[in-house]
*Asks:* 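Input: one structure, supplied below.
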Amino acid sequence: MTTDSVTLVTGDRVIVRRVAGKSLVDIDAGPGRKHIAFDTRVVRGEITVVPSDAMSLVTSGKLDARRWKKPSITSRRNMAHCS
């Protein structure tokens with residue numbers, strides 16, 4: 001099992017555990033954000049986590065949806081652009 005994490009621009013932390021080839025995703029909401037829900041998806045190893053308070057900005061195109069995708073989140077090389 002490997003564990004890694006990345007902090008979103010919102011201050012929320014995405015924690016990923018890889019167990020037997022599967023990604024298990026947990027969210028540690030940032031300060032004052034315990035009430036926020038998160039849309040979390042893992043598709044073919046690509047992880048997307050969008051906080052509910054950012055969803056309308058993403059769907060309207062005001063925020064780049066790619067900012068919330070974390071391809072190979074457990075790869076340190078790819079994590080650099082996510083923090």
*Asks:* Tell me every residue that passes side-chain contact (heavy atoms from CB on, under 4.5 Å) with Ser52, counting only those two or more places apart in sequence or in another chain.
*Replies:*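 Only Ile36, Ala37 meet the side-chain contact (heavy atoms from CB on, under 4.5 Å) criterion with Ser52.
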*Asks:* Under the side-chain contact (heavy atoms from CB on, under 4.5 Å) rule, collect the residues that match up with Arg41, sequence neighbours excluded.
*Replies:*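 Per chain and number, Arg41 pairs via side-chain contact (heavy atoms from CB on, under 4.5 Å) with Asp39.
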*Asks:* Do any N or O atoms from the side chain of Asp12 and from the backbone of Gly30 form a donor-acceptor pair under 3.5 angstrom?
*Replies:* yes
*Asks:* With rounding to the nearest 0.5 angstrom, report the OG1 to CZ distance, Thr10 to Phe38.
*Replies:* 6.0 Å
*Asks:* So, using salt bridge (charged side-chain N to carboxylate O under 4.0 Å, His left out) as the criterion, who are the partners of Lys22 when residues are at least two apart?
*Replies:*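 Once residues adjacent in sequence are excluded, Lys22 has no partner under the salt bridge (charged side-chain N to carboxylate O under 4.0 Å, His left out) criterion.
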*Asks:* Who passes side chain to side chain donor-acceptor pair (under 3.5 Å) against Asp53, sequence neighbours left out?
*Replies:* Arg33
*Asks:* Please name all residues satisfying side-chain contact (heavy atoms from CB on, under 4.5 Å) with Leu24, sequence neighbours left out, ordered by chain then number.
*Replies:*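 So Leu24 forms a side-chain contact (heavy atoms from CB on, under 4.5 Å) with Arg17, Val19.
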*Asks:* About how many Å separate OG of Ser5 and CG of Asp28, when rounded to the nearest 0.5 Å?
*Replies:*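 Asp28 atom CG to Ser5 atom OG measures 9.0 Å (nearest 0.5 Å).
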*Asks:* Would Ser23 and Arg18 count as having a side-chain donor-acceptor pair, cut-off 3.5 Å?
*Replies:* yes
*Asks:* Is any side-chain heavy atom of Ile15 closer than 4.5 Å to a side-chain heavy atom of Val25?
*Replies:* no
*Asks:* Let's go through Ile47 and Val49 carefully: what are the C-alpha distance in whole Å and the side-chain angles of both, what is the deciding distance for side chain to side chain contact (heavy atoms under 4.5 Å, CB included) to 0.1 Å, and is it a yes or a no?
*Replies:* CA-CA 7 Å; Ile47 300 166; Val49 177; 4.0 Å; yes
*Asks:* Leu57: which residues meet the side-chain contact (heavy atoms from CB on, under 4.5 Å) condition with it, sequence neighbours left out?
*Replies:* Lys62, Leu63
*Asks:* Any side-chain heavy atom of Thr3 within less than 4.5 Å of one from Val16?
*Replies:* no
*Asks:* Roughly how far apart are Leu8 CG and Ile27 CD1, rounded to 0.5 Å?
*Replies:* 7.0 Å
